[in-house]
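When reading the values below, keep in mind they use all heavy atoms of this one structure, side chains included, and skip hydrogens, waters and symmetry mates.
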Amino acid sequence: MLRRVVVALLVPAAWAPPGIDPVSWRTALAEDVVDLLATLAEVETAVAVTPEDRRVAEAVVWPGTVIHEVPEPTVNAALAALTGYDQAAVVAADAPDLPGLILGKLLRPLTSRPVAVAPVDGDPPGLLGVAARLPVPAWLPALDLDTAVPADLRRAAPVPGDVAVTPAWRRLRGPVDLAALDPAVEGWENTRTLLTTPH
């Protein structure tokens with residue numbers, strides 16, 4: 001049985017809706033992502049965070065969820081912190097309405113490819129998440145979820161086909177992304193509550 005883990009990478013929020021405290025905003029987004037991860041079958045869940053942000057992680061995790069302290073909030077640092085797993089995915093913690101199906105599709109290609117990547121749907125570009133077989137391939141470049149694109153990984157790979165590109169999804173990084181939230185979709189309860197509570 002493969003041991004797989006999905007890690008929510010907590011990074012400082014670059015933006016928050018007007019009138020909403022940035023720390024509260026970031027915490028609500030992260031809590032919704034962590035809640036989603038906890039419902040996934042056949043994968044373990046974890047959070048990666050820098051030591052100064054550990055308090056945010058402790059506020060959002062479920063009992064028993066592992067918190068990995070990393071020197072910097074990057075995909076590479078999160079993957080390097082993992083031991084004992086066969087496959088891992090690192091996902092941004094600012095996609096509160098992320099469907100579990102998108103995460104499943106990020107992990108699925110690892111049966112035949114060493115790396116899979118889910119791009120951000122929208123502008124600016126970036127990555128929603130990265131999945132890899134462990135140990136991580138030596139050619140995997142340094143990745144910033146806010147700026148990297150699938151082409152960066154494909155250029156670094158020995159063969160471009162070593163990197164599977166899976167369906168895109170949005171991250172909440174600005175007003176345009178906020179407008180795309182669908183109130184009819186279940187989930188994202190913490191973000192929804194924060195947005196609908198008078199400030």
At what distance, to the nearest 0.5 angstrom, does [atom1] of [X] lie from [atom2] of [Y]?
| X | Y | atom1 | atom2 | answer |
| --- | --- | --- | --- | --- |
| W169 | L128 | CH2 | CG | 9.5 Å |
| E69 | T50 | CD | OG1 | 8.0 Å |
| E31 | L10 | CD | CG | 11.0 Å |

Backbone N/O of [Y] and side chain of [X]: donor-acceptor pair under 3.5 Å:
| X | Y | answer |
| --- | --- | --- |
| T65 | V61 | no |
| D97 | V185 | no |
| R170 | G122 | no |
| T45 | V6 | no |
| D53 | V56 | no |
| D32 | E189 | yes |
| R133 | L110 | yes |

Discussion item. R154 vs D162, test: salt bridge (charged side-chain N to carboxylate O under 4.0 Å, His left out). Steps then yes/no.
Written reply: CA-CA 7 Å; R154 291 196 141 176; D162 283 347; over 6 Å; no
Can you name the one residue among [options] that meets side chain to side chain contact (heavy atoms under 4.5 Å, CB included) with [X]?
| X | options | result |
| --- | --- | --- |
| L2 | L107, D86, V43 | D86 |
| V91 | L9, L106, V7 | L106 |
| V165 | P150, P160, P109 | P150 |
| L145 | V120, T74, V11, V75 | V75 |

Mind checking whether [X] and [Y] sit in one hydrophobic cluster, side chains of I, L, V, M, F, W, Y counted as touching below 4.5 Å?
| X | Y | answer |
| --- | --- | --- |
| W25 | V23 | no |
| L181 | L36 | no |
| I102 | L37 | yes |

Discussion item. Counting only heavy atoms from other residues, nucleotides and ligands, does the tally under 6.0 Å from CD of E42 exceed 12?
Written reply: no
Minimum-distance pair of heavy atoms, taken over all atoms of [X] and [Y]:
| X | Y | value |
| --- | --- | --- |
| P114 | W139 | CG-CZ2, 4.1 Å |
| L40 | G100 | CD2-CA, 4.0 Å |
| L172 | W15 | O-CE3, 4.4 Å |
| S24 | L194 | O-CD2, 3.5 Å |
| A81 | V70 | CB-CG1, 4.1 Å |
| H68 | A46 | CD2-CB, 3.8 Å |

Could you check if a side-chain atom of [X] sits within less than 4.5 angstrom of a side-chain atom of [Y], using non-hydrogen atoms only?
| X | Y | value |
| --- | --- | --- |
| L143 | P141 | yes |
| L134 | Q87 | no |
| L195 | P17 | yes |
| L79 | L140 | yes |
| V117 | T166 | no |
| P73 | V49 | no |

Worksheet item: Going by distance alone, is a donor N or O of one side chain under 3.5 Å from an acceptor N or O of the other, for W62 and D35?
Response: yes
Worksheet entry | Audit row: W188, L29, side chain to side chain contact (heavy atoms under 4.5 Å, CB included) steps and yes/no | CA-CA 8 Å; W188 57 283; L29 296 178; over 6 Å; no
Worksheet item: Any salt bridge between R171 and D146, counting N to O under 4.0 Å?
Response: yes
Item to complete: For E44 and R3, run salt bridge (charged side-chain N to carboxylate O under 4.0 Å, His left out): C-alpha distance rounded to whole Å, both residues' side-chain angles, the deciding distance at 0.1 Å, then the answer.
Response: CA-CA 8 Å; E44 296 176 47; R3 277 196 79 197; 3.0 Å; yes
Practice prompt. Evaluate the criterion side chain to side chain contact (heavy atoms under 4.5 Å, CB included) for residue pair V60 and T27; output intermediate values, then yes/no.
Written response: CA-CA 7 Å; V60 303; T27 302; 3.7 Å; yes
Worksheet item: Is there a side chain to side chain contact (heavy atoms under 4.5 Å, CB included) between R113 and V163 once you walk through the steps?
Response: CA-CA 6 Å; R113 320 266 189 99; V163 179; over 6 Å; no
Practice prompt. Apply the test side chain to side chain contact (heavy atoms under 4.5 Å, CB included) to residues L153 and L127: give CA-CA distance (whole Å), side-chain angles for both, the deciding distance (0.1 Å), then the verdict.
Written response: CA-CA 11 Å; L153 287 91; L127 300 177; 4.2 Å; yes
